[in-house]
Every structure is written in structure tokens, then in C-alpha cells.
Amino acid sequence: MPRDGVGVRASGLRKTFDDGLVQALVDVDLEIAPGERLAIMGPTGSGKSTLLALLAMLDSPDAGEIELDGESVSRIRCPEEWRAVHLGIVFQFHHLLAHLTAVENVMLPLIGSGGRTRDIHRKAQNLLDSLGLGHRTLTRAAHLSGGERQITAVARALVNDPKLVLADEPTGSVDSATGEKILEILDEWSGRRGGTLVMVTHDPTVASWSDRIVSLRDGRAYEGRVHCLTQPTAAPKF
Amino acid sequence: MMFLESRNLLRRPRRTVLTLIGVTVGAAGYMTLLAAGAGLFAEFQDAISLLGSDLVVQQASAATAWTSRIAPADIRSLRSVPGVNRVTEVVVAATRFLGQKYFIVFGLEPESTILAKARIVDGRPYRANGAEMMVGQRAARAIGLAAGDRVEARGRRFLISGIYETDRSILDGGAVMNLEAARSMFSYGVDTTVVFVDVKGPQAIDEVMLVITDTLPHLEVSRSDMWVSTYEQFVVVRRFARGLGVFALLITAMWVSNTLHVTILERRAELALLRAVGWRKRRIAVLVLREGLAFSVVGGFTGIPVAALIVWGLRNIGAAGIVSAKLSPEIVVEGVVIAVLAGLVGCVPPLVRALRMQALEALRAT
């Protein structure tokens, strides 16, 4: 199996909100091997989504450093370009554009990077076909069911054939059958592409699809699924 | 390349129509105001051309034809200038008259060429007895007069001897009467307001102008085809019309800006998502500018028929026909170009807002 994913290393990440009153992340160290599937678990407000946003370069840490494929994100001159080429993001709430059809939503990442619209359309169409949504490609997002929207959002994250997918509660707003399908899609992508998958979830069943689990509690990271926390766990060595 | 832009415009019809209305109204307003200014200019030019004279003389310091005063001695001096063939005295009075707030009355000599070139559509020419007048067809229609009617104006009773038509709105929207009657009625005494001068051949025009300028410096002489363009009042009117047009476009720019601004705020999540999936700031800027450009171009062009409709209304529904706008191709091109520029200027504030937007914050806001 090809291991073409992005290696992720984070060290000493700190992030606060509201002028330091809320500590979202506290000295978080994290290392993810290329092609690894990591689940990040933790209660609401534990800093999971904040960590994902930092990894996606949608936000920047107050302290600490993140490396993607060995390169510090502070040296990546155009995060948007990096995301367009290497990254797929699945948001907790699908964030589809309601006035666009399913296939048009899937096309968006590639449209932003240029290229022939016809080719991009064909690629997005084929992807939706393969995910079982071929019959709904021309339906506007506003008229898709919740499950169809989330599958479309997953397709949008995969359409650029990314090396890293960050998924924030990808199954959190859908029924169990759709959730399982979404996991199968991500699993298939991970297996075929060898990409790195980082998935935030509350659900232990979802987490069980991953190779490894990191838990966050009060902004601190712990190796494994943690119920009662005493000591932070050191980041794993690769 | 217009993938998202076209869908944003076509699939959000309410926003699109509202913005287009703003640009259309601004563009149409600008074109109409320019057309009105140009029309007023052209009407007077056209009316002067009907006289067929070579030169127009009026008091040098007079702001308008109806405030000009030329004494009989000056008329005699003009007649004695070498090369002058004929001098025609005209009294022009703009006044509240026959119930109209702004009405132009021409006092003409019986042998005036205007009378010869006017078509009598009802009745007969007036007699030079000071008790009759002819009314232009547009004015007659607006006031409700017909040949044979009797009217009282400024304490005098007049017989409407006839209704005339010259195809010049400024003339057809007024009335003509005997020169002496006009002098008396509008208290000009023995003075004249404007004098039209015919010279003996085109080669003599410059020489006659030079003599008049040298010997009668209190008078202002100009070629009849240039008279209106040198007329300060028309210049002011045209500048005023253009100024109002610019104001209308300023409102347009603000309308576009406000609509796009609201749109940007409404679309925070959308723009943030585009940033999140890899759209660069430059591409977002292109998106906003293209949408603004589309509004401006389409709004500029839809402003043309609206302006044409308003101009038609001014020409055909205007009471006395004083304002007769002319929508020339030059005005249309200028209107569209300026509307596009106004729309693009209006894009700038929302564009800055969009580019300052943090992707994560916007995503969290939904």
C-alpha cells in the first residue's frame, strides 16, 4: 500500500481566546506519521476543533510550531495554495453553498486553483458517482438531505486527491448508516491514496476506525482514549 | 472562469435584481441629465438657426437674452456698419404668462423670417395691431388654446390669431407677437433684447464682427451658430446637469457598495469556505470585482432604455416643451462607461472587507 500521506508534527502548541481567558490548547505535542489515521477525541470545548484549525492553517497558534511534511507552516508562503494541493477538510457542519448543486460544490477547490471547468466537472461528477450520489449531482445543496450533504462535503474534501484530510466530526450530524458510509469512503481513500487522516470525533465507534487515538482534555493532549486523566502522555516516536 | 460568479448572480435573483435596479437608475439618471442639458442647448441652437442670420448681438454684460438691453442708437449704429445687409430686432421675454410658470414670448418685426418659416396649423398670422398673438402648438396644447380664443395677460386682452409650428420646442412652447406690443407689455420701452444681423456674404462676417466689437464694446457679437455655446447660462446649465449626473452616480456607487457589503457579510461563511478549500485572496478579489463589474455593465446597459423612456417623456409629456432632452450616442457611451466605473468604485469597500475576513472566524460565525 503506498504511504503518500503528509507527516504532521506539532510541538508546544498554545492557543488562547478572549484575551487569554480561555485556554484552548496548552503545550500540545503531536506527531502523526504519513498515512496514519488518527482520531482526536475529547469532550466539547476540549480544543479538538481548535487543533484541527491550526493544522489546517486556518488559524495560527499563540506559541509552538507545526510542521507539515517536515516544513514549518510559518515558512509556507501561501497556505491557501498548500491547502488546495495537499489538504482536504471535512467540516462538522458541511458548509456547502446552498445555491450550488452537489457537483458544483465538489468542484470548488479545483475551480479556485484554475483548470478547465469541463475537466473539473467530469472529475467531480465521477467522484460523486463513486460515492453513490451520481443521481443527485444536479440537485442544489439546499435540497439535499443531511446525509447527502455530508457525503458531498466529503467528496469536496477528496476531489483534489489530497495527501492529508482533516475531518471535524464528519459523522456528527448524520444517521448511523450514513456515518458508516462516510467512514468507508474515508477508509477507502486512506487505503488507496495512503493519505494521512486526522479525524475529530466524540464517537468511540468512529475512533475505532483509526490507527491511533489522541485525547484532548482542557486543552492538553493525551495518548489513547482517556477517561480519567492524571499525566500527559509524551508524543509518540516515529 | 466565471463559474461561481455566474451562479452567484443568476441563482440569487433578489439580490441581483435589487443591485441592478440601483445601477440602472443611476446610469439612467446620469444619461437623462446629460441629455436634458444637451437638449436645452440644442433647442436654442436650433431655434437660432431657424432665423438664418449670420450674427447675434446682445448686451455684453447680460446674463440672458431677456435681461439684455440694446438701445435704438445701437441699432442705428449696427445698421451703419459696412457689410451689414439687414438688422432684425427681437424682444425675448421669459415670464410667468398665460398661467405658465416659465413661458418665452418673442416680439418680432412683421417681416421676421421666423414668421415666414413657421407653419400656421390653425387660424392666421397675427396683425401688427398689438392686440393679437400666435401661440406655438406645444404651448397651445399645454394651455388648452385654439385660434380665435381670447386671453388676458399682464392686464391686456389678446386674440389668439393662430397656432404655429416650427418643430423647434423652444419656439413651439412659447408665443410670438408684434415687436412693439412685446416691448410695451414687458416694459422694455424702446429697447430691444437681441439683434440678428445678416451680412453681405460670408467673407464679410469676420470684418463686421471686428467693427462691432471695436465700435460698440458694450455689445457682444457672436456667430449665430456659436451664440448658444458661448452663452454662459447654457454652460452653467450643462455643468449643473453633469454635476447632478455625477451625484446620481455617486448614489449608484454607494448603492452597489452597500449591496455588495451586505452581500459580503451575508456570505462570510461562503468566502471563508473558499479560503479554506484553497482559494487565494487574489481569486476572492477577482470574484467580488467580477460580480461588481457584471452589475455595473448590465446596469449601465439597462439604464439606456430607461433613460430613453424618460427622455421621451420629457419631449412628449413636458408641459411647455422647454426641456427637450436629446439622448445622443455620445451620452449613452459616456453614461455606460461612467456607470461601470461607479460600480467598480462601489466594489472597493466590500472587497477590502472580504479580504480582511479571517476564514476561521467566518466559519465559526455560522
Side-chain angles (χ1 to χ4, degrees), chain A residues 15 17 24 49-50 52-54 56-60 77-101 103-118 120-121 124 140-142 153 155-160 162 166 168, chain B residues 1-20 259-260 262-291 294-295 350-352 354-366:
Chain A
K15 184 69 182 178
F17 296 106
S49 296
T50 301
L52 220 57
L54 296 182
M57 294 178 284
L58 294 175
D59 203 355
S60 52
R77 292 177 63 186
C78 183
E80 286 86 3
E81 188 178 354
W82 198 93
R83 286 198 291 267
V85 176
H86 300 298
L87 181 64
I89 306 176
V90 182
F91 300 98
Q92 184 174 1
F93 305 102
H94 50 81
H95 285 306
L96 297 180
L97 303 192
H99 65 293
L100 299 186
T101 64
V103 72
E104 288 164 352
N105 269 287
V106 175
M107 292 167 70
L108 282 177
L110 299 179
I111 289 288
S113 308
R116 289 179 59 192
T117 306
R118 186 182 299 175
I120 294 170
H121 185 276
R140 291 195 193 180
R156 184 183 59 199
L158 300 181
V159 73
N160 58 342
L166 304 174
D168 190 359
Chain B
M1 288 296 285
M2 295 289 281
F3 170 82
L4 191 53
E5 292 86 342
S6 60
R7 283 154 182 83
N8 283 342
L9 297 176
L10 296 174
R11 294 183 188 170
R12 287 163 163 160
R14 186 181 300 174
R15 175 172 73 90
T16 302
V17 167
L18 271 176
T19 312
L20 276 180
T259 309
L260 286 180
V262 171
T263 301
I264 295 296
L265 291 178
E266 286 174 352
R267 294 163 63 193
R268 289 171 70 191
E270 175 185 327
L271 296 175
L273 173 84
L274 295 176
R275 295 278 301 279
V277 299
W279 284 43
R280 292 179 173 201
K281 282 187 175 182
R282 190 173 58 195
R283 183 64 181 86
I284 301 280
V286 168
L287 175 76
V288 174
L289 284 174
R290 277 184 179 161
E291 288 185 17
F295 283 131
L351 176 64
V352 171
L355 294 182
R356 282 183 180 167
M357 198 175 283
Q358 294 297 318
L360 183 67
E361 291 302 315
L363 285 172
R364 279 178 175 162
T366 59

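On a predicted model such as this, the values are computed, not experimentally measured, just so you know. Numbered from 1 within each chain, the chains take letters A, B, ... in sequence-line order.
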From CA spacing to verdict: side chain to side chain contact (heavy atoms under 4.5 Å, CB included), B:Arg11, A:Leu97
CA-CA 11 Å; B:Arg11 294 183 188 170; A:Leu97 303 192; over 6 Å; no
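- Using a 4.5 Å heavy-atom cutoff, the side chains of B:Phe3 and A:Ile120 are not in contact.
- With chain B as the partner, the residue from A:Leu87, A:Leu100, A:Val85, A:Leu110 showing the most heavy-atom pairs under 4.5 Å is A:Leu100.
- Chosen from A:Met107, A:Arg156, A:Arg116, A:Glu104, the residue pairing most often with chain B at heavy-atom distances under 4.5 Å is A:Glu104.
- Side chains of B:Val277 and A:Asn160 form no contact here, defined as non-hydrogen atoms less than 4.5 Å apart.
- In summary, B:Arg275 and A:Glu80 engage in a salt bridge, as defined by a charged side-chain N under 4.0 Å from a carboxylate O.
- Between the B:Arg283 side chain and the A:Gly112 main chain, no donor and acceptor come within less than 3.5 Å of each other.
- With hydrogens and angles left out, the side-chain atoms of B:Arg7 and A:His99 include no donor and acceptor closer than 3.5 Å.
- Between A:His95 and B:Glu270, every side-chain heavy-atom pair lies at or beyond the 4.5 Å cut-off.
- Here B:Leu273 contributes atom CG and A:Leu108 contributes atom CG; the two are 6.5 Å apart, rounded to the nearest 0.5 Å.
- Options A:Met57, A:Glu81, A:Gln92 differ in how many heavy-atom pairs under 4.5 Å they form with chain B, and the most are formed by A:Glu81.
- In this structure, chain B has heavy atoms under 4.5 Å from both the backbone and the side chain of A:Thr101.
- For the residue pair A:Cys78 and B:Arg280, the shortest heavy atom distance occurs at SG-NE, 3.6 Å.
- Of the listed residues (B:Leu274, B:Leu10, B:Ile284, B:Asn8), the one with the most heavy-atom contacts under 4.5 Å to chain A is B:Asn8.
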